[in-house]
Amino acid sequence: MASTLPPPDVDAQSHSAHLREVIQEQVIAAGGHLPFWKFMELALYAPGLGYYSAGARKFGPGGDFTTAPERSPLFSACVADVLTPVLQQLGPDAVFMEIGGGSGAFAETCLAKLLANDALPARYAILEPSADLRERQRERLQARLPPLLFELVEWLDGPIQEPWSGVLFANEVIDALPTPRFTIRDGEVFEEHVALDGEGRFLRTDRPAEPMLAAAVRHVERQLPEPFAEGYRSEVLAQLPYWIQAVMGAMRDGAMLFVDYGYARGEYYQPQRRDGTLRAFRQHHVTDDVFAWPGLQDITASVDFTALAEAGTAAGFDFAGYCSQASFLIGNRLQENLALAESRAADDVARHALRSQVKHLTLPSEMGERFQAIGFQRGVELGAAFLVGDLSHRL
């Protein structure tokens, strides 16, 4: 998938060149090779330079990709309806924690819907590592929310360490976690690294995998119909259980809900998917050249939802359900939220736009089947949210 986009402007190229030099120095300091996950971490999160840490616009039509909350407030309204009973079960001290707040579009709609549902949390906490995105979220929410709602919002420097109960929600977050890459050579597991050629360009190289990564690959392989073939290359997020337990902090009771694109394990590691799911996005174009323009393009890999199910239950939560985004929204008041929005729309053009948004959210050719939702519960009931189109058997 070669990109047909024109090159970035001069300032953006200079920015990318600076980050490229930083990564090159890291490669050299590491002895000439850097694990791919470390390259991805620097490309996305290097302070002041990484894709999510710098100031370029990322979300929406003027950015590089459009998430469901930017696509339509109907998505956020449905999620708020799903989580309303959980917050009401937990009482007035419940906390709503959003991981990675994006543009702030989700929080804006979600808080307004929770107010209408009489289910406001005591706190709406956003765990956002990017200082640039924090500021953008703050500006948006302060401008668009009434003071009553904006006062509930806080930005966290890290997970909540004191005991808390509530809901944890993440949309398109796990796909951006720096992921190790592996390949099979002579029946052994190797880890993908990044090295430099004679002119300082990034290139792919493989080294024997550390025991933790090798064990994670073999764990996946044991659940597949046949072993990985020679030369098979993909991703495995071995650190996912630790990430889940880290971000939930001292969470006691409540629900965790994740929406992302990906597959159940048997579909993720199909034999024909021999080079994994890694790709990059720039200006709504996808490319497999993840080394191009570091800092100017998003790098992402699909989510293994079986691994996510394992991680959520390993954190002490009960599995609540798993289904496509289309089924999740249709089963959780999408039609009612559409009707309410249409009744408030200014004219037929606005109503047509709302119906177009629903198509983007639910059609198989758009986001409906490529994105899935998965939930976990402890001390509350979330399973009813997954009654339509349950796909748990695929995990």
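All values derive from a computational prediction rather than experimental measurement. Worth knowing before you read on, the calculation uses all heavy atoms, side chains too, and leaves out hydrogens, waters and symmetry mates. The chain is numbered in sequence order, starting from 1.
- In this structure, F258 and F376 have perpendicular ring planes: the angle between them is above 60°, well past the 30° mark.
- Ion pair E162/R123 flagged as a salt bridge, since at least one NZ, NE, NH1 or NH2 atom sits closer than 4.0 Å to an Asp/Glu carboxylate oxygen.
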Item to check | Worked verdict on Y52 versus D298 for side-chain hydrogen bond (donor to acceptor under 3.5 Å, both in side chains) | outcome: CA-CA 8 Å; Y52 284 106; D298 188 23; 3.1 Å; yes

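- Atom CG of L156 is separated from atom CZ of R134 by 7.5 Å, given to the nearest 0.5 angstrom.
- The existence of a salt bridge linking D289 and R279 is excluded, since no basic side-chain nitrogen approaches an acidic carboxylate oxygen closer than 4.0 Å.
- Here the options are Q357, H360, K359, the test is side-chain hydrogen bond (donor to acceptor under 3.5 Å, both in side chains), and the partner is S72; only Q357 passes.
- In summary, R218 and E221 engage in a salt bridge, as defined by a charged side-chain N under 4.0 Å from a carboxylate O.
- Within the 4.5 Å cutoff, no side-chain heavy atoms of R370 are placed close to those of S324.
- Between the side chains of T183 and D206, no donor-acceptor pair of N or O atoms lies under 3.5 Å.
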Next on the checklist: With side chain to side chain contact (heavy atoms under 4.5 Å, CB included) as the criterion, how do L278 and V290 come out once you've worked through the C-alpha distance, each side chain's angles and the decisive distance to 0.1 Å?
Outcome noted: CA-CA 8 Å; L278 192 74; V290 298; 3.8 Å; yes

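- L240 and M97 fall within a single hydrophobic cluster, where Ile, Leu, Val, Met, Phe, Trp and Tyr are joined by side-chain heavy atoms under 4.5 Å apart, directly or via other members.
- F386 is not connected to F319 by any chain of hydrophobic side-chain contacts under 4.5 Å among Ile, Leu, Val, Met, Phe, Trp and Tyr, and they are in different clusters.
- One N or O on the side chain of Q89 and one on the backbone of P85 form a donor-acceptor pair closer than 3.5 Å.
- Using a 4.5 Å cut-off on side-chain heavy atoms (C-beta onward), E98 and F106 make contact.
- No donor-acceptor contact under 3.5 angstrom links the side chains of S165 and D253, judged on distance only.
- Under the 4.5 Å side-chain heavy-atom criterion for ILVMFWY residues, no single connected hydrophobic cluster contains both W243 and Y268.
- Using a 4.5 Å heavy-atom threshold, the side chains of H193 and V27 count as separate.
- A pairwise comparison of heavy atoms in A105 and P69 identifies CB-O, 3.8 Å as the closest pair.
- Residues L145 and E108 have side chains in contact (heavy-atom distance under 4.5 Å, counting atoms from C-beta outward).
- Within the model, atoms CG of D118 and CD of Q88 stand 6.5 Å from one another, a figure rounded to the nearest 0.5 Å.
- Rounded to the nearest 0.5 angstrom, L196 CG and Q24 CD are separated by 5.5 Å.
- T277 and E235 share a donor-acceptor pair across their side chains, judged by distance under 3.5 Å alone.
- Using a distance-only test at 3.5 Å, with no hydrogens or angles considered, no donor-acceptor pair links the side chain of R378 to the main chain of A255.
- The closest side-chain heavy-atom distance from L334 to C78 is below 4.5 Å.
- Scanning both residues, A68 and L361, for their nearest heavy atoms gives CB-CD2, 3.9 Å.
- At distances below 3.5 Å, not a single donor-acceptor pair connects side-chain atoms of Q297 with backbone N or O atoms of Y51.
- Not a single donor-acceptor pair under 3.5 Å links the side chain of R207 to the backbone N or O of H33.
- Ion pairing between a basic and an acidic side chain is recognised when a charged N comes within 4.0 Å of a carboxylate O; R394 and E267 show such pairing.
- In this structure, T313 contributes its side chain and A309 its backbone to a donor-acceptor pair below 3.5 Å.
- A salt bridge does not link E342 to R351: none of the charged nitrogens lies less than 4.0 Å from a carboxylate oxygen.
- When the side chains of ILVMFWY residues are joined at heavy-atom separations under 4.5 Å, either directly or via intervening members, V173 and F317 end up in a single hydrophobic cluster.
- Classification of the F169-F75 ring pair by plane angle, with boundaries at 30° and 60°, yields tilted.
- Side-chain contact between R274 and R233: absent, with no pair of heavy atoms (C-beta onward) separated by less than 4.5 Å.
- Surrounding CD of E139 are more than 12 heavy atoms belonging to other residues, nucleotides or ligands, all under 6.0 Å away.
- Minimum heavy-atom separation, C323 to G389: CB-O, 3.3 Å.
- Residue pairs meeting the ring pair (Phe, Tyr, Trp, His ring centres under 6.0 Å) criterion with at least one member in residues 107-162, sequence neighbours excluded, are F96-Y124.
- The closest donor-acceptor contact from the side chain of D186 to the backbone of E188 lies at 3.5 Å or more, if one exists at all.
- Relative to the ring axis of F190, R185 places its NZ or CZ within 45° and under 6.0 Å from the centre.
- A 4.5 Å side-chain heavy-atom check between I23 and P294 finds at least one atom pair inside the cut-off.
- Annotation: the span from S327 atom OG to Q372 atom CD amounts to 9.5 Å, rounded to 0.5 Å.
- Counting only N and O atoms by type, the side chains of S392 and D390 include a donor and acceptor under 3.5 Å apart.
- Note that CD1 of I244 and CD1 of I174 are 5.0 Å apart. Values are rounded to the nearest 0.5 Å.
- Following chains of ILVMFWY side-chain contacts shorter than 4.5 Å, one cannot reach L34 starting from F182, and the two form parts of different hydrophobic clusters.
- The nearest pair of heavy atoms linking A315 to Q245 is CB-CG, 3.9 Å.
- Between Y261 and F371, the angle of the ring planes goes over 60°, which puts this pair in the perpendicular group of the 30/60° scheme.
- Ring-centre distance between Y263 and F305: not below the 6.0 Å cut-off.
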Next on the checklist: If you apply the rule salt bridge (charged side-chain N to carboxylate O under 4.0 Å, His left out), what do you find for E310 with R265, and how did you get there?
Outcome noted: CA-CA 11 Å; E310 293 170 344; R265 179 164 290 159; 3.0 Å; yes

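- Here the side chain of S53 pairs no donor or acceptor atom with the backbone of L49 at under 3.5 angstrom.
- Salt bridge R181/D275: present, at least one basic N to carboxylate O contact under 4.0 Å.
- Side-chain contact between P121 and V95 is absent, with no heavy-atom pair separated by less than 4.5 Å.
- Atom CD in Q325 sits 10.0 Å away from atom CD1 in I330 (nearest 0.5 Å).
- The two residues Q13 and P7 make their nearest non-hydrogen contact at NE2-CB, 3.9 Å.
- Nearest heavy atom pair, residue A195 against residue G32, reads CB-O, 3.4 Å.
- A salt bridge links D81 to K113: one of the charged nitrogens lies within less than 4.0 Å of a carboxylate oxygen.
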